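Accompanying notes for the structure given below.
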Amino acid sequence: MSITLPGPTLGVVGGGQLGRMLAEAASPLGVDVVVLDPTPACPASGVARDQIVAGFDDPDGIHALAERVDALTFEIELADPEVLAAASEEHDVPVHPDPGTLETIQDKLVQTEALSDAGIPVPEFAAVATAEGLERVVEEFDGVMLKARRGGYDGRGNVPVHEPSEAADALAAVGGDAMAERFVDFEREIAVMGLKGADGATRTYPVTETIHREEILRESVAPARASDEAIARAEAVAEDVLEFLDGRGVYGIELFETHEGDVLVNEIAPRPHNSGHWTIEGTRTSQFENHVRAVLGWPLGPTDLVAPAVTANVLGDTEETRPATLRGVEAVLDAPEADLHWYGKEDARPLRKMGHLTLTDETVDAEATARAALLSRARELRDGLTFRET
């Protein structure tokens, strides 16, 4: 392959914070980005070359995007795989990851069944479509996490069900057809950002510890504070997942580490993931740059750790929607170990992801206590930020 600059144009379905960071990573490579998003002046529009205002599954919009670019990708699972495949064929534009992979991922039951059939470890699960069926599964599993088969993210579409009497309300809350998973008694939640390149080669970023509250990712710690054995198992499972999936790019692989030392796949995102935001400062080549490289068929960059890193998400802390004005920023800017990322969203809503900050420290050693101190500092700085009027 002969690569020249200026480079090709990349089309991205989705213009949220992930699209914004993809455009930020593409620009130094000489790659222009055009995004498609239904929200005018979406977060990515301030960085990308242009935006097409259209729905994620709008055939006319996606075909218009394909006409203008040299390659297609997506940063949200709401993209329509059939429309992407048709646009790819009609305009002779590659799309990665493969639309078939997206179709599998979009349905959590189909995704979990496919992983299980491939011999990849997952929690015990069952399909449920009626309250009576859910009641039986709750009794059998002694409580479940009920998941909407489609559309749920950041904890939306997930409902814990502890008693059979809660079944009807829980099923109504997720909209009917669902998947029930036995509760996993986990030691910690971890994630691996996996990467597939043009030559079929795979790479993984260091295993990351992810810390959730109310089903929303609050902080990540890299490397994870897990045993060497658990790290090795997570890497092996991630490699199996990458072998199973089709298409180039970054995959966010969310995992449970159990108290017994097993590693189970929770969910997979066929795109860069919040769990890997730390790679911008913590590795030589971020997940976003490597996603651009992979989709374009370019050589991949190294995924090695350059410094231990902790990321803390900045969430909307208001009780109602209001124009987004973040206060307390000067304390983060004064911290030499901190980097602040603003997502460019116009409105702050309760628990909406509005940005993140990452702390890195090359002097932090392998001891978990040192990373705990870095995490504490990240929380301190993050908790000093607010969208409330002071």
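The structure displayed is predicted, hence computed values, not measured ones. Numbers here simply count residues along the sequence, with the first being 1.
Within the 4.5 Å cutoff, no side-chain heavy atoms of K147 are placed close to those of V174. For the pair T73 and R248, the minimum side-chain heavy-atom distance is 4.5 Å or more. Between V12 and F74 the shortest side-chain heavy-atom distance does not fall below 4.5 Å. Residues M193 and H273 have side chains in contact (heavy-atom distance under 4.5 Å, counting atoms from C-beta outward). Using a 4.5 Å heavy-atom threshold, the side chains of S27 and V47 count as separate. Between I120 and V241, the closest side-chain pair of non-hydrogen atoms falls below 4.5 Å. Residues T283 and W278 form a side-chain contact, since some pair of their non-hydrogen atoms from C-beta on lies under 4.5 Å apart. The shortest distance between side-chain heavy atoms of P223 and R371 falls below 4.5 Å.
Atoms OG and CZ, from S45 and R20 in turn, are 8.0 Å apart once rounded to the nearest 0.5 Å. Here the straight-line distance linking atom CD1 of I62 with atom CG of L84 works out to 5.0 Å at 0.5 Å rounding. For the atom pair CG of L146 and CD of E166, the computed distance is 11.0 Å after rounding to the nearest 0.5 Å. To the nearest 0.5 Å, atoms CZ (F125) and CG (L115) are separated by 9.0 Å. The CD atom of E67 lies 7.5 Å from the CD atom of E90; values are rounded to the nearest 0.5 Å. Taken from OG1 in T9 to CZ in R68, the straight-line distance is 8.5 Å, to the nearest 0.5 Å.
Contact check on R377 versus D361 returns no salt bridge, with no Lys/Arg side-chain nitrogen under 4.0 Å from an Asp/Glu carboxylate oxygen. Salt bridge absent: E139 and R136 never bring a charged side-chain N and a carboxylate O closer than 4.0 Å.
Taken together through direct or relayed side-chain contacts under 4.5 Å among Ile, Leu, Val, Met, Phe, Trp and Tyr, V33 and I3 form part of one hydrophobic cluster. V265 is connected to V207 through a chain of hydrophobic side-chain contacts under 4.5 Å among Ile, Leu, Val, Met, Phe, Trp and Tyr, so both are in one cluster. Residues I105 and L18 do not share a hydrophobic cluster, clusters being chains of Ile/Leu/Val/Met/Phe/Trp/Tyr side chains in contact below 4.5 Å. Connection of L195 to V292 is not established within any shared hydrophobic cluster, with ILVMFWY side chains joined at heavy-atom distances below 4.5 Å, either directly or through further cluster members. In the hydrophobic clustering of this structure, M179 does not group with L134; members are Ile, Leu, Val, Met, Phe, Trp, Tyr whose side-chain heavy atoms approach within less than 4.5 Å, directly or through other members.
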Any chance you could lay out the side chain to side chain donor-acceptor pair (under 3.5 Å) test for T311 and T358, step after step, and finish with the verdict?
CA-CA 4 Å; T311 291; T358 300; 3.0 Å; yes
Does the pair L78 and D57 meet the rule for a side-chain contact (heavy atoms from CB on, under 4.5 Å), with working shown?
CA-CA 7 Å; L78 297 178; D57 58 354; over 6 Å; no
Show the numbers, then the answer: is there a salt bridge (Lys or Arg N to Asp or Glu O under 4.0 Å) between R271 and E75?
CA-CA 6 Å; R271 52 167 173 79; E75 60 101 49; over 6 Å; no
May I have the step-by-step check of side-chain contact (heavy atoms from CB on, under 4.5 Å) for E163 and V138, ending in yes or no?
CA-CA 7 Å; E163 302 292 338; V138 170; 5.6 Å; no
Determine, step by step, whether L357 and L385 satisfy the side-chain contact (heavy atoms from CB on, under 4.5 Å) criterion, reporting the C-alpha distance in whole Å, the side-chain angles of both residues, the deciding distance to 0.1 Å, and the verdict.
CA-CA 11 Å; L357 56 91; L385 299 171; 4.0 Å; yes
Could you walk me through whether H212 and E254 satisfy the side-chain contact (heavy atoms from CB on, under 4.5 Å) test, starting with their C-alpha distance in whole Å, then the side-chain angles of each, then the deciding distance to 0.1 Å, before giving a yes or no?
CA-CA 12 Å; H212 297 76; E254 298 182 87; 4.2 Å; yes
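Panel note: side chain T208, backbone P206; a donor-acceptor pair is recorded below 3.5 Å. Between the D317 side chain and the F387 main chain, a donor and an acceptor come within less than 3.5 Å of each other. Between the side chain of R293 and the backbone N or O of P299 there is at least one donor-acceptor pair closer than 3.5 Å. Counting only distance, with no hydrogens or angles, the side chain of T112 and the backbone of K108 share a donor-acceptor pair below 3.5 Å. At distances below 3.5 Å, not a single donor-acceptor pair connects side-chain atoms of E209 with backbone N or O atoms of A226. A donor-acceptor pair under 3.5 Å is formed between the side chain of R218 and the backbone N or O of R213. Of the possible polar contacts, none joining the R322 side chain to the R388 backbone as a donor-acceptor pair under 3.5 Å is found. E289 places no side-chain N or O within donor-acceptor distance of the main-chain N or O of R284, the cut-off being under 3.5 Å. In this structure a side-chain-to-backbone donor-acceptor pair under 3.5 Å is missing from K353 to N274. Using modelled atom types, no side-chain atom of T360 and backbone atom of G282 make a donor-acceptor pair closer than 3.5 Å.
Taking every heavy atom of both residues into account, V192 and A238 meet most closely at CG1-CB, 3.7 Å. Annotation for N313 and L217: closest pair ND2-O, 2.7 Å, computed over non-hydrogen atoms. Across every non-hydrogen atom of R203 and L300, the tightest pair is NH1-O, 3.5 Å. Summarising the geometry of F183 relative to P160, their closest heavy-atom pair is CZ-CB, 4.0 Å, with the distance given to 0.1 Å. Summarising the geometry of D347 relative to T321, their closest heavy-atom pair is CB-CG2, 3.8 Å, with the distance given to 0.1 Å. The two atoms that bring L109 and D107 nearest to each other are N-OD1, 3.0 Å, heavy atoms only.
Within 6.0 Å of CD in E260 there are more than 12 heavy atoms belonging to other residues, nucleotides or ligands. By the 6.0 Å contact criterion, CZ on R327 is enclosed, its count of non-hydrogen atoms from other residues, nucleotides or ligands being greater than 12. Applying the 6.0 Å contact sphere to CG of D142 captures no more than 12 heavy atoms from other residues, nucleotides or ligands. Summarising the local packing, CD of E243 is surrounded by 12 or fewer heavy atoms from other residues, nucleotides or ligands at distances under 6.0 Å. No more than 12 heavy-atom neighbours from other residues, nucleotides or ligands sit within 6.0 angstrom of CG on D92.
Checked by atom type, the side-chain pair S286/T279 shows no donor-acceptor distance below 3.5 Å. With 3.5 Å as the limit, one finds a donor-acceptor pair spanning the side chains of E281 and H341.
F256 pairs by the ring-ring contact (aromatic ring centres under 6.0 Å, His included) definition with F186, not counting sequence neighbours. Every residue meeting the ring-ring contact (aromatic ring centres under 6.0 Å, His included) condition with H277, not counting sequence neighbours, appears here in chain and number order: F288, H356.
Tested against E257 for a salt bridge (Lys or Arg N to Asp or Glu O under 4.0 Å), the candidates R188, R233, R225 yield a single pass: R188.
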